[in-house]
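Data first, discussion second: the structure below is written as structure tokens.
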Amino acid sequence: QVRLVESGGGLVQAGGSLRLSCAASGRTFSTYAMGWFRQAPGLEHKFVAAISRSGLDTYYTNSVNGRFTISRDNAESTVYLQMNSLKAEDTAVYYCNPVADGTTRPLRDFWGQGTQVTVSS
């Protein structure tokens, strides 16, 4: 089973940038489409972005389209989320998870420790 570890979060001013990483263990990383999700306090996990197994196709929720970029390095078993022009409403704990191909649905119903992103206005 793939184990995922998120990192790269922090405190940043509005308009700033952060780059999140999600490192996977195991040899099956390249067989999964991957997604980033976020959870604000008191809310459920929400889809942010996804990338196909090859990395050729990407999907974004409307609120981050044009500001965030998802990418992956299958040789390093890592998926990234470059976040630019950050807004206060992007504040949340960010998680990665495998997703069903071509969808925003996580394949697993459990989450890792995530990485906290806090944007000050």
Side-chain angles (χ1 to χ4, degrees):
Q1 192 171 18
V2 175
R3 180 173 177 263
L4 303 169
V5 178
E6 302 93 343
S7 63
L11 173 63
V12 63
Q13 289 187 336
S17 299
L18 283 173
R19 189 193 195 202
L20 307 184
S21 299
C22 169
S25 63
R27 300 179 181 179
T28 61
F29 176 77
S30 63
T31 67
Y32 292 102
M34 294 295 297
W36 280 98
F37 299 80
R38 63 188 179 187
Q39 185 181 32
L43 299 178
E44 296 182 348
H45 292 85
K46 293 188 176 180
F47 170 78
V48 175
I51 189 167
S52 62
R53 287 176 284 176
S54 66
L56 293 178
D57 298 304
T58 57
Y59 313 89
Y60 300 92
T61 191
N62 286 343
S63 62
V64 309
N65 204 13
R67 299 188 297 122
F68 291 10
T69 302
I70 188 171
S71 61
R72 68 188 297 161
D73 184 336
N74 285 340
E76 296 294 328
S77 297
T78 302
V79 60
Y80 303 97
L81 186 68
Q82 177 67 42
M83 305 187 298
N84 298 329
S85 301
L86 282 161
K87 304 176 181 180
E89 51 263 43
D90 295 319
T91 294
V93 181
Y94 284 71
Y95 303 85
C96 61
N97 225 340
V99 296
D101 283 344
T103 78
T104 64
R105 180 175 62 86
L107 287 176
R108 309 188 305 186
D109 59 1
F110 59 91
W111 304 89
Q113 88 287 351
T115 186
Q116 175 71 50
V117 172
T118 303
V119 184
S120 62
S121 57

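Just so we're clear, the structure is a prediction, and the values are computed from it rather than from any experiment.
In this structure, S121 OG and K87 NZ are separated by 13.0 Å, a value rounded to the nearest 0.5 Å. In this structure, F68 CZ and T58 OG1 are separated by 14.0 Å, a value rounded to the nearest 0.5 Å. Distance CG/D73 to OG/S30: 11.0 Å, rounded to 0.5 Å.
Under the disulfide bond (SG atoms under 2.5 Å apart) criterion, the residue pairs touching residues 39-121 are C22-C96, with sequence neighbours excluded. Applying the salt bridge (Lys or Arg N to Asp or Glu O under 4.0 Å) test to residues at least two apart or on different chains, none of the pairs has a partner in residues 112-121. Sorted by first and then second residue, the salt bridge (Lys or Arg N to Asp or Glu O under 4.0 Å) pairs with a member in residues 103-117 form an empty list; sequence neighbours excluded. Sorted by first then second residue, the ring-ring contact (aromatic ring centres under 6.0 Å, His included) pairs that include residues 100-121, not counting sequence neighbours, are F37-W111, H45-W111, Y95-W111. Among residues at least two apart or in separate chains, salt bridge (Lys or Arg N to Asp or Glu O under 4.0 Å) pairs with a member in residues 50-62 are R53-D101. Counting only residues at least two apart or on different chains, the salt bridge (Lys or Arg N to Asp or Glu O under 4.0 Å) pairs with a member in residues 32-48 are R38-D90. For residues 4-30, there are no ring-ring contact (aromatic ring centres under 6.0 Å, His included) pairs, not counting sequence neighbours.
Looking at residues two or more places apart in sequence or on another chain, you find a side-chain hydrogen bond (donor to acceptor under 3.5 Å, both in side chains) between T118 and Q116. Listed by chain and residue number, R67 satisfy the side-chain contact (heavy atoms from CB on, under 4.5 Å) test with S85 (two or more places apart in sequence, or in another chain). For N74, the side-chain hydrogen bond (donor to acceptor under 3.5 Å, both in side chains) test picks out R72, with sequence neighbours left out. In this structure R19 satisfies the side-chain hydrogen bond (donor to acceptor under 3.5 Å, both in side chains) test with no other residue, sequence neighbours excluded.
When every heavy atom of T69 is checked against every heavy atom of Y60, the shortest pair comes out as CA-OH, 3.4 Å. Scanning all heavy atoms of the two residues, the minimum distance from P106 to N97 falls at CB-ND2, 4.0 Å. Y94 and E6 get closest at one heavy-atom pair: O-CG, 4.0 Å. Nearest heavy atom pair, residue T115 against residue G9, reads OG1-N, 2.9 Å.
No single ILVMFWY cluster, assembled from side-chain heavy atoms under 4.5 Å apart, contains both V99 and I70.
Between Y32 and L107 there is a side-chain heavy-atom pair separated by less than 4.5 Å. In this structure the side chain of L4 reaches within 4.5 angstrom of the side chain of P98, judged on heavy atoms. The shortest distance between side-chain heavy atoms of Q113 and V5 falls below 4.5 Å. Residues F47 and W36 form no side-chain contact, since every pair of their non-hydrogen atoms from C-beta on lies 4.5 Å or further apart. Residues L18 and V117 are in side-chain contact: their nearest non-hydrogen atoms beyond the backbone lie under 4.5 Å apart.
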Let me have the donor-acceptor pairs involving side chains of residues 76-83, under 3.5 Å, with sequence neighbours excluded, atom names and distances please.
| residue | atom | partner | partner atom | Å |
| --- | --- | --- | --- | --- |
| T78 | OG1 | E76 | O | 2.9 |
| Q82 | NE2 | N84 | OD1 | 2.9 |

